[in-house]
Amino acid sequence: MSYQPSVLLSPHHDGSELYVSNSAPTIGQRVVLKVRVPHSYTFEKSFIRIYEDGEPRSYELALVSKGHTEDWYQVEIPIVNTHTLYRFVFVSRDRYDWLNAFGLSDHDVHTNNDFQIVAVPANPEWIKSSIFYQIFPDRFAKSAHTYPIPDWAHPRDWNELPRGRSEFTSSELYGGDIVGVEEHLDHIRDLGVTGIYFTPFFPSRSNHRYDASSFTEVDPILGGNKALFSLVKKANRYGIRIMGDLTSNHCGAGHPWLAKAKKSKSAKERTYFYWDKSVKHGYVGWWGLASLPKLNFNSAALKKEMYKGKNSIVRKWISPPFGMSGWRIDVGNMTGRLGADDLHDEVMHGIRQAMDETNPDAWLVAENGDFVASDLNGLGWHGAMNYQGFMRPVWNWLNRNSEIGGGFQGLPFEMPQISGQQLINSMKQFNASVPWRSVTASMVLLDSHDTARFRTVVKGDVASHLSAMTMVLTYPGVPSIFAGDEIGLEGSWGEDGRRTINWEDRSQWDHTFMGDVRQLISIRKGNDGLINGGLRWLAAEKDFILYLRESKKQSVLVFVSRKGVNVKIDLSEFGLQVTQVLYGQTVTGSKFSIKSKEATRGIWVVTP
């Protein structure tokens, strides 16, 4: 049995180039904003409501072009403040509707979901067309180099699986190193990715290295600075950028800062930490852990050490001699926060300022397992790892393994299975609360070193995994693929998912899936609609979704289902037709059918 979805026809505006003439203006400039309105939606007048110095102002929209199925309206506004909040209202004799970043509402709405323009320089241009590849250094590849085994480590054979939750969870050492990454850089280049995001590479007393015992050098058992410099040089030749991972919230118990602080109460390092006589180790640890001393940014000396000083940690690694292209900030949401102390915004803005001054082309993205909208207001992190606005809803829509649910998602219950409409509403909630520039600068991911592998989330169903990968590589933001996902690695939780890649015997690799991932990456990099396009939802059903990415040069239509479907799609109401198949289902014209016995997908170029 086939059925036709209800299309989502309503006025539309987003922060992309089709609708906003300048997304990074300076104060005093004027910006043209456009809205498209379908003929089926009627009204008498329309206005924009903006805030100038906190006071609401309204300007009427003018009709600028008429089409076969929709008309375009526009208004020019002054940029008065750093943040310009705005929404549109459509007025009829007996009703008025508000259009904000969440969508159309027939009731009054709050400014929390207003569209936003931020009058600061644009985010790095290169991230728009980037695809990142996340590497956990101990597990990607092991070179023939030998290194002394640290006293904390329990060595494992390369192709053994992690033991699971035990006393050895953070001490299992497989011996992956940066030399090994360079030796397999061709694999990364052949996938088509353009960036590598390394989880920490600093010396530590664990395999995850989030307990840094130094921020001044690369861990010698990873090959040291020499190995990193060699990798950066080769990666640059391949057009691949390198991004590091910094723990601004804490360091490790083995850090010299803590040793100096314990030795002398008059040491400047004493001010770097919070002290608590009620606990055995005498200082505050992140989540009470003695291994992770919490950093105290009331200390001017610490701020200088971390980001303010000329040779500070933040600045050093993104400067030309070191060649890093940005930072991912670990637990960015907790940095600078403890009890009554809330220095979070000061530290976040200080890190951003240091990066802007040292390397304005560097990308700053934070881990926010959950999410506070003000962190992404354009003045702090460029973006976040989009767990809440992408990964979580995608898991909840596509999962076949609900037991995995709680854990990293921060929820004390199993994953629900939501509908396509709930999926879209979840994504809209995230997108509506931050500027468009922050959406497109956020990392889009299916999993990471902290989560289950997505192949396990869908219980090995390759078709569902492909549907999810299609979304990662067609959705606004910077796609990030956890190393090994492309060959179908599994894992039920963070450490279990940090499995090694068997480079010697590739018989267990999912080569067909890897070919699809390679093709999807190529599509993402080669189509302007996916690089610069906005986001318009066209259909949201229980088991499938349909969305449009439109730039000035191209419109790309994406269909994704989570199970077998038999559906008829009619694009005539949008005045569109499929003219080119980029991937998946072969269709053409404005009316077509999609029939499949399993999860399926399609990416098509559409034209009027």
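Just so you know, these numbers come straight off a predicted model, no measurement behind them. One is the number of the first residue; the rest follow in order along the sequence. Below, all heavy atoms of this structure are taken into account, side chains as well, without hydrogens, waters or symmetry copies.
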field: Value rounded to 0.5 Å, distance of CG in Asn359 from CE in Met324
entry: 11.0 Å
- prompt: Under 6.0 Å between ring centres, would you say that holds for Tyr96 and Phe90?
  reply: no
- prompt: Do any N or O atoms from the side chain of Asn386 and from the backbone of Val444 form a donor-acceptor pair under 3.5 angstrom?
  reply: no
- request: Using a strict cut-off of less than 4.0 Å between a Lys/Arg side-chain nitrogen and an Asp/Glu carboxylate oxygen, indicate whether Arg30 and Glu76 qualify as a salt bridge.
  value: yes
Charged N-O contact under 4.0 Å between Arg36 and Glu550: yes
query: If only atom types and distance count, is the side chain of Ser438 paired as donor or acceptor with the main-chain N or O of Leu376 below 3.5 Å?
result: yes
message: Just verifying a value: how many Å separate Leu9 CG and Leu104 CG, rounded to the nearest 0.5 Å?
response: 11.5 Å
message: Please tell me whether Asp14 and Ser16 have a donor and an acceptor in their side chains that are separated by less than 3.5 angstrom.
response: yes
query: Any idea how Trp537 and Tyr475 line up, ring-wise: parallel (<30°), tilted (30 to 60°), or perpendicular (>60°)?
result: tilted
Heavy-atom pair of closest approach, residues Asn377 and Leu379: OD1-N, 3.0 Å
task: Examine Arg49 relative to Trp98 and say whether NZ or CZ is less than 6.0 Å from the centre of the six-membered ring and inside a 45° cone about the ring axis.
output: no
task: Would you mind reporting whether Phe544 and Glu541 have side-chain heavy atoms less than 4.5 Å apart?
output: yes
query: Would you call Arg352-Asp356 a salt bridge at under 4.0 Å N-O?
result: yes
task: Return the orientation label for the Trp604 and Phe559 ring planes: parallel under 30°, perpendicular over 60°, tilted otherwise.
output: tilted
Over all atoms of both residues, closest heavy-atom pair of Ser130 and Thr194: CA-OG1, 3.2 Å
- prompt: Does a donor on one side chain sit under 3.5 Å from an acceptor on the other, for Tyr41 and Asp97?
  reply: yes
message: If you count heavy atoms of other groups shown closer than 6.0 angstrom to NZ of Lys34, is the number above 12?
response: no
- prompt: Between the side chains of Arg328 and Tyr197, does any donor sit under 3.5 Å from an acceptor?
  reply: yes
Tyr272 and Glu305 side chains, donor-acceptor separation under 3.5 Å: yes
task: Measure from the side-chain N and O atoms of His250 to the backbone N and O of Tyr210, and report whether any donor-acceptor pair falls under 3.5 Å.
output: yes
task: For a salt bridge (Lys or Arg N to Asp or Glu O under 4.0 Å) with Glu357, tell me which candidate from Arg315, Lys310, Lys308 qualifies.
output: Arg315
task: Quick one: closest heavy-atom pair of Pro78 and Glu52, and the distance?
output: CG-OE2, 3.6 Å
query: Does some side-chain heavy atom of Glu367 sit less than 4.5 Å from a side-chain heavy atom of Asp245?
result: no
- request: Start with the C-alpha distance between Ser325 and Met243, add both sets of side-chain angles, then the distance that settles side-chain contact (heavy atoms from CB on, under 4.5 Å), and finish with yes or no.
  value: CA-CA 5 Å; Ser325 291; Met243 183 168 74; 5.5 Å; no
task: Report yes or no: does Asn236 contribute a side-chain atom to a donor-acceptor pair with the main-chain N or O of Val232 at less than 3.5 Å?
output: yes
- request: Say whether Asp330 and Asn249, considering side chains only, have a donor N or O and an acceptor N or O under 3.5 Å apart.
  value: no
- request: Determine the interplanar angle of the His255 and Trp257 rings, folded into 0 to 90°, and report it as parallel if under 30°, tilted if 30 to 60°, perpendicular if over 60°.
  value: tilted
- request: Give, for atom OG1 of Thr247 and atom CG of Leu292, the distance between the pair rounded to the nearest 0.5 Å.
  value: 8.5 Å
task: Tell me yes or no: between the side chains of Asn425 and Gln429, is some donor less than 3.5 Å from an acceptor?
output: no
- prompt: Would the Tyr133 and Phe482 ring centres measure less than 6.0 Å apart?
  reply: no
message: If you apply the rule side-chain contact (heavy atoms from CB on, under 4.5 Å), what do you find for Val20 with Val31, and how did you get there?
response: CA-CA 7 Å; Val20 179; Val31 173; 3.9 Å; yes
query: So how far is it from Thr84 OG1 to Gln116 CD, rounded to the nearest 0.5 Å?
result: 9.5 Å
query: Would a line drawn from the ring center of Trp363 to the ring center of Phe132 be shorter than 6.0 Å?
result: yes
task: Identify whether NZ of Lys or CZ of Arg in Lys428 sits under 6.0 Å from the centre of the six-membered ring of Phe102 and within 45° of that ring's axis.
output: yes
message: Tell me whether Trp327 contacts the main-chain N or O of Val314 through its side chain, where contact means a donor paired with an acceptor under 3.5 Å.
response: yes
task: For this output row, return yes or no: ring centroids of His344 and Phe297 closer than 6.0 angstrom.
output: no
pair Ile48-Gln74: side-chain heavy atoms closer than 4.5 Å: no
- prompt: In terms of side-chain heavy atoms, does Asp341 have a donor or acceptor partner in Tyr274 at a distance below 3.5 Å?
  reply: yes
- request: Compute whether any side-chain donor of one residue and acceptor of the other, for Thr335 and Ser248, lie under 3.5 angstrom apart.
  value: yes
- prompt: Counting distance only, does the side-chain N/O of Gln422 pair as donor-acceptor with the main-chain N or O of Ser419 below 3.5 Å?
  reply: yes
field: Thr474 side chain to Tyr547 side chain, donor-acceptor N/O pair below 3.5 angstrom
entry: yes
- prompt: Is a donor on one side and an acceptor on the other found under 3.5 Å between the side chain of Gln554 and the backbone of Gly529?
  reply: yes
task: Look up atom CG in Leu530 and atom CZ in Arg524, then write down how far apart they are to the nearest 0.5 Å.
output: 6.0 Å
- line: Checking Thr440, Val118, Leu85, Ile117 against Pro435 for side chain to side chain contact (heavy atoms under 4.5 Å, CB included), the one that qualifies is Val118
query: Going through the checks in order, is the side-chain contact (heavy atoms from CB on, under 4.5 Å) test met by Thr111 and Asn100?
result: CA-CA 9 Å; Thr111 57; Asn100 62 12; over 6 Å; no
- request: May I have the step-by-step check of side-chain contact (heavy atoms from CB on, under 4.5 Å) for Val606 and Val556, ending in yes or no?
  value: CA-CA 6 Å; Val606 293; Val556 177; over 6 Å; no
- prompt: Backbone N or O of Arg270 within a donor-acceptor pair of the Trp275 side chain at under 3.5 Å?
  reply: yes
query: Using a distance-only test with no angle check, is there a side-chain donor-acceptor pair under 3.5 angstrom linking Glu70 and His39?
result: no
query: Taking all non-hydrogen atoms of both residues, which atom of Asn296 and which atom of Leu302 are closest, and how far apart?
result: O-CD2, 3.3 Å
- request: Without swapping roles, check the side chain of Arg95 against the backbone of Val91 for a donor-acceptor pair under 3.5 Å.
  value: no
task: Measure the spacing between CG of Leu571 and CG of Leu557 and express it to the nearest 0.5 Å.
output: 6.0 Å
message: Please check: side-chain N/O of Asp447 versus main-chain N/O of Phe454, any donor-acceptor pairing under 3.5 Å?
response: yes
- request: Decide yes or no for Arg57 and Tyr86: does some side-chain heavy atom of the first lie under 4.5 Å from some side-chain heavy atom of the second?
  value: no
Check: Phe47 ring centre within less than 6.0 Å of Phe88 ring centre: no
message: For Trp317 and Phe202, I'd like to know if the aromatic rings sit close, meaning centre-to-centre distance below 6.0 Å.
response: yes
- prompt: Does the ring center of Tyr73 lie less than 6.0 Å from the ring center of Phe43?
  reply: yes
